[in-house]
Number of protein chains: 2
Amino acid sequence: MPAAMEQATHLLKDNNLKITKQRKAMLEYLVDTASKRYIDVTSIDDFMRQSFPKMSHNTIYRNISEFADLGIVERQIQGDRASVKFQCDFQHEHHHHFICSNCGKVIELKDCPLSDEITSQLAGCEVTGHLFQIYGLCPECANLKNN
Amino acid sequence: MPAAMEQATHLLKDNNLKITKQRKAMLEYLVDTASKRYIDVTSIDDFMRQSFPKMSHNTIYRNISEFADLGIVERQIQGDRASVKFQCDFQHEHHHHFICSNCGKVIELKDCPLSDEITSQLAGCEVTGHLFQIYGLCPECANLKNN
DNA sequence: GCCTCACTAGTAATAATTACTATTTAAATG
DNA sequence: CATTTAAATAGTAATTATTACTAGTGAGGC
């Protein structure tokens, strides 16, 4: 079992969630397809229901929600589609991403732009989070477009 | 007529779009309520249809789209709701925002975190845009919460 | 004031997501 | 290993947000 699966199932157990066939199948699919790119929720729904015709929307959406709550996947709207990506690494240090707007692929960035200079402009505010992302075409998609 | 309305109607005319009662009413509402905060699209829909019971969803959504295309409003997903904000200033220089996750209010930031150091990590990529936003509670909402 | 084309109302369809409930199953326990 | 039980699931239906379609209307140029 790949490390990512280990970590994910561990997290489920720690939270009294059962390792069902459905969850396992979903996690495997996500590790395979959404480890380095965002994939939209409806195509997860489509795929799972093709592979397991008896699976209900409910199950898929609920599980995605739970995975997100546990930090197993990261939710985000790409373009106008609700998407998720498998968490890069559970013990990974804070970082940001370049995201290909064509294929959803992500590239990790080293820097975090949050600085004292910036937060000092926010006197009285309670800062809870931030988002920094660069968009564009990854080398592969840029090539395809220019040829 | 406030400057923002002037600019917006000018932009519409320049693009062969007519200044209809419906558009005017929507713009007025947006200038009033969405100049310094994000407001979600469904509540625009609700409000407009309360004020003008004969207005159709179609009209509201189409106009929001057109306003967005012209840069009159800025679209964004806040939490999980499609939201818009009136454009800060049409000739305003590039900047980013702190956004209150409770009330949607925005505070402008001076800095842009995009640097050569960062883009140099993206060899081969075609960068088309970026997003930098800080989230949290504005001073008012932070106060409310702590009392 | 008239004409034309963009715009709108009204209705209906679609897509994505959530709700509900009877049944099933993972996994804890004896 | 058999029993038990809370959690999860399937199946169906509802809801919510958004878009499509078409006949009729009105803004604004002439």
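Keep in mind it's a predicted model, so treat the numbers as computed, not measured. Heavy-atom basis, side chains included; hydrogens, waters and symmetry copies ignored.
Note on A:Asn63: a side-chain N or O is less than 4.0 Å away from OP1 or OP2 of D:dT9. The phosphate of D:dA27 (OP1 or OP2) has no side-chain N or O of B:Gln22 nearer than 4.0 angstrom.
Remark: of the listed residues A:Arg75, A:Glu74, A:Lys105, A:Arg81, A:Glu74 is the sole one forming a side-chain contact (heavy atoms from CB on, under 4.5 Å) with A:Tyr38.
If you chain together hydrophobic residues whose side chains sit under 4.5 Å apart, A:Leu12 and A:Met48 fall into the same group.
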For this session: For nucleotides 23-29 of chain C, just jot down a letter per nucleotide in 5' to 3' order: B, S or -, based on protein non-hydrogen atoms under 4.0 Å.
Result: ---BS--
Exercise. Going 5' to 3' along nucleotides 14-19 of chain C, which nucleotides have protein heavy atoms under 4.0 Å from the base (write B), which only from the sugar-phosphate (write S), and which from neither (write -)?
Worked result: --SSBB
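Between A:Leu17 atom CG and A:Lys13 atom NZ the span is 12.0 Å, to the nearest 0.5 Å. Note: B:His130 NE2 to A:Ile134 CD1 = 7.5 Å, rounded to the nearest 0.5 Å.
Across all their heavy atoms, A:Lys85 and A:Val106 have their closest contact at CD-CG1, 3.8 Å.
In this structure, CE of B:Met55 is placed 16 Å from C1' of D:dT18, rounded to the nearest angstrom. Rounded to whole angstrom, the span from the CD1 atom of B:Ile77 across to the P atom of D:dA17 amounts to 13 Å. Whole-Å rounding puts the B:Ile60 CD1 to C:dG10 P distance at 12 Å. Spacing between atom CZ of B:Arg23 and atom P of D:dT25 amounts to 19 Å, rounded to whole angstrom units. D:dA17 atom C1' lies 12 Å from atom CZ of B:Arg49, rounded to whole Å. A straight line from NZ of B:Lys54 to P of D:dG24 spans 15 Å, rounded to a whole angstrom.
Toward the 5' end of DNA chain D, the nearer of the two residues A:Pro53 and A:Glu66, judged by each one's closest nucleotide, is A:Glu66. If you find the closest nucleotide of DNA chain C to B:Asn16 and to B:Phe52, the one lying nearer the 5' end belongs to B:Asn16.
Looking only at side-chain heavy atoms (C-beta outward), A:Asn143 and A:Pro139 stay at 4.5 Å or farther from each other. The side-chain heavy atoms of B:Phe132 and B:Cys112, taken from C-beta on, include no pair separated by under 4.5 Å.
The aromatic rings of B:His57 and B:Tyr61 are tilted relative to each other, their planes meeting at an angle between 30° and 60°.
In this model, a donor atom of one side chain and an acceptor atom of the other lie less than 3.5 Å apart for B:Gln121 and A:Asp111.
Within the 4.0 angstrom heavy-atom criterion, base atoms lie near A:Arg62.
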